[in-house]
Number of protein chains: 2
Amino acid sequence: MTGTAFPETVRDQLRARGLRWTPQRRLILDVITSARGHVTGSEFVDRCRERDPDTTPSTVYRTLDVLEELGYLAHSHAADGREEYHVLPVAEHAHLHCSACGGSWEVAADEVGGLVGSLRRDHGFVVDVAHLTIAGRCRNCEAARA
Amino acid sequence: MTGTAFPETVRDQLRARGLRWTPQRRLILDVITSARGHVTGSEFVDRCRERDPDTTPSTVYRTLDVLEELGYLAHSHAADGREEYHVLPVAEHAHLHCSACGGSWEVAADEVGGLVGSLRRDHGFVVDVAHLTIAGRCRNCEAARA
DNA sequence: CGTGTTGTTGCAACGACTCGCAACACGGTC
DNA sequence: GACCGTGTTGCGAGTCGTTGCAACAACACG
Ligand SMILES: [Mn+2]
Ligand SMILES: [Mn+2]
Ligand SMILES: [Zn+2]
Ligand SMILES: [Zn+2]
């Protein structure tokens, strides 16, 4: 026996909350299912348009918002402020962005655990780790600066 | 005797690099001089327009870029990805943004020193602290969630 | 002071979202 | 299967920047 497929799980989750299952949402779920790693908002729009040229950006962005509220996605921002989405469930992580080469890396949640703990202790502030993007220079670019 | 005024210092810095001192840059420097705390890019455009209605956005944004390269400004991004500028020289700091109430706080550079050190040690990554924005929930909003 | 080089400006078009609103359609009900 | 209430879509307009390009002007030089 196999478990329920991902899109069907989401469908049931939506309906359980009084939300609707539509062809547009179905398409976006298919795109998510075949995605790996980070995908920007506009890349989602492009990928949806490949399968349905009538895709509207606002519908895509609104659906991504809904799916994020349901916990199926998390977004962060690249160094230029643009959105990047991550499909869940995966290990929670933050991001490193090199402003010199544009490269991007993931950082495990426990690597920023010290900071998360001290901000909570000293300021009562609860960090959203998945949204955290740290800009700077990667090892190679820093070395190349010599 | 008084030191050289801020705009004149910048003027000399620009000329020393083969860059030019223009009325538009002079105006932006005046706006910066009378600014306190965080100012977004579009707020800069608005404030310039108050003094000169002919101000063009692209000129403002390009000048802010130049001044950041010279080290007179630093920008970070609010939780929605929009730009925020800081006038320097001030103590280097990172930012906390509450995604519930929209509030914003500064975090001293040494409060994130542990993370900066471990990322450098473990990944060779050099963090740009001034660009760092940490999103989450502030003490009040976290308490109110109960 | 003209003159020429080259950095800058203004403009228009574009990219990445965001929002209000009216038409539409999902899906629970009879 | 028709009906209906409410969530959703598509659209147009708007916001916040970014970029290519031609006209312009700062300023070094003779
Ligand atoms: Mn940035
Ligand atoms: Mn965000
Ligand atoms: Zn790099
Ligand atoms: Zn708050």
Side-chain angles (χ1 to χ4, degrees), chain A residues 7-8 10-29 38-49 51-70 73 75-85 99 102 131 133, chain B residues 7-8 10-29 38-49 51-70 73 75-85 99 102 131 133:
Chain A
E8 281 67 39
V10 176
R11 179 198 62 197
D12 296 345
Q13 272 267 310
L14 287 169
R15 288 185 176 153
R17 296 202 177 199
L19 304 180
R20 309 245 164 104
W21 182 238
T22 67
Q24 294 86 348
R25 288 181 174 171
R26 162 94 228 186
L27 171 58
I28 293 166
L29 259 293
H38 302 94
V39 184
T40 68
S42 66
E43 276 170 1
F44 264 117
V45 173
D46 291 343
R47 294 184 189 185
C48 285
R49 275 213 232 266
R51 306 192 190 198
D52 177 3
D54 292 341
T55 299
T56 300
S58 54
T59 297
V60 174
Y61 286 111
R62 283 188 288 224
T63 296
L64 293 175
D65 285 348
V66 170
L67 294 176
E68 188 162 15
E69 267 162 45
L70 294 185
L73 291 176
H75 86 270
S76 56
H77 299 265
D80 61 0
R82 279 181 229 177
E83 293 182 328
E84 284 189 343
Y85 284 88
S99 50
H131 189 271
T133 294
Chain B
E8 281 66 38
V10 177
R11 180 198 61 197
D12 297 344
Q13 272 265 313
L14 288 169
R15 289 188 175 148
R17 296 203 178 198
L19 304 179
R20 310 236 166 111
W21 183 238
T22 67
Q24 293 85 348
R25 287 181 175 173
R26 162 94 227 186
L27 171 59
I28 293 166
L29 259 293
H38 301 95
V39 184
T40 68
S42 67
E43 277 169 2
F44 264 118
V45 174
D46 291 343
R47 295 184 189 185
C48 286
R49 275 213 233 264
R51 305 193 191 198
D52 177 3
D54 292 341
T55 300
T56 301
S58 56
T59 297
V60 175
Y61 286 111
R62 282 187 289 224
T63 295
L64 293 174
D65 284 348
V66 169
L67 295 176
E68 188 162 17
E69 266 162 46
L70 294 184
L73 292 174
H75 87 270
S76 57
H77 300 264
D80 61 359
R82 282 181 220 179
E83 294 182 327
E84 284 188 343
Y85 283 89
S99 51
H131 189 270
T133 294

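- No side-chain donor-acceptor contact under 3.5 Å links B:Arg11 to the backbone of B:Trp21.
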Are there any protein N/O atoms within less than 3.5 Å of an N/O atom in nucleotides 20-23 of chain D, and if so, which ones and at what distance?
unit_1	atom_1	unit_2	atom_2	d
D:dG20	O6	B:Arg62	NH1	3.3

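- Note that OH of A:Tyr61 and CD1 of A:Ile28 are 11.0 Å apart. Values are rounded to the nearest 0.5 Å.
- Between the CH2 atom of B:Trp21 and the P atom of D:dC27 there is a distance of 10 Å, rounded to whole Å.
- Put simply, NE2 on A:His75 is 10 Å from P on C:dC17, counting in whole angstrom units.
- Atom CG of A:Asp54 is separated from atom P of D:dT9 by 14 Å (rounded to the nearest Å).
- Atoms CG (A:Asp46) and P (C:dG15) sit 10 Å apart, rounded to a whole Å.
- Contact check for A:Thr63 versus A:Thr22: no side-chain heavy atoms found under the 4.5 Å cut-off.
- A sub-4.0 Å separation between OP1 or OP2 of D:dC27 and a side-chain N or O of B:Arg15 is present.
- If B:Leu19 and B:Pro57 are placed on DNA chain D by their nearest nucleotide, the residue sitting closer to the 5' end is B:Pro57.
- Checked by atom type and distance alone, the side chain of B:Arg25 pairs as donor or acceptor with a backbone atom of B:Arg20 at under 3.5 Å.
- Distances shorter than 4.0 Å separate none of the side-chain N or O atoms of A:Arg82 from OP1 or OP2 on C:dG15.
- Checked against side-chain contact (heavy atoms from CB on, under 4.5 Å), B:Ser99 has no partners two or more places apart in sequence or in another chain.
- Judged by distance alone, the side chain of A:Thr56 and the main-chain N or O of A:Thr59 form no donor-acceptor pair under 3.5 Å.
- Judged by atom type and distance alone, B:Arg20 reaches the base of C:dT6 through a side-chain donor-acceptor pair under 3.5 Å.
- Between the CG atom of B:Asp65 and the C1' atom of D:dC16 there is a distance of 14 Å, given to the nearest Å.
- Nucleotide D:dC16 holds its C1' atom 12 Å from the CZ atom of B:Arg49, rounded to whole Å.
- OP1 or OP2 of D:dA26 has not a single side-chain nitrogen or oxygen of B:Thr22 nearer than 4.0 Å.
- Proximity note for A:Tyr61 (side chain, C-beta onward) versus C:dT18, C:dG27, D:dG17: the nearest is C:dT18.
- How far CD of B:Glu68 is from OH of B:Tyr85: 5.5 Å, rounded to the nearest 0.5 Å.
- Using a 4.0 Å heavy-atom distance criterion, B:Gly81 is classed as making no nucleic acid contact.
- Note: B:His75 and B:His131 have perpendicular aromatic rings, judged against thresholds of 30 and 60 degrees for the angle between ring planes.
- Comparing the axis of the opening five pairs of the helix from C:dA16-D:dT15 to C:dC30-D:dG1 with that of the closing five pairs yields an angle of 30°, rounded to 10°.
- Nucleotide D:dG30 forms a Watson-Crick or G-U wobble pair with C:dC1, both donor-acceptor distances falling under 3.5 Å.
- Proximity of a side-chain donor or acceptor of B:Thr40 to a complementary backbone N or O of B:Glu84 within less than 3.5 Å is not detected.
- Between A:Arg25 atom CZ and C:dC26 atom P there is a gap of 12 Å when expressed in whole angstrom units.
- Distance A:His77 NE2 to D:dG17 P: 13 Å, rounded to the nearest Å.
- A salt bridge links A:Glu8 with A:Arg26: the closest approach of a Lys/Arg side-chain nitrogen to an acidic carboxylate oxygen falls below 4.0 angstrom.
- Here A:Gln24 reaches the OP1 or OP2 of D:dG10: one of its side-chain N or O atoms lies under 4.0 Å away.
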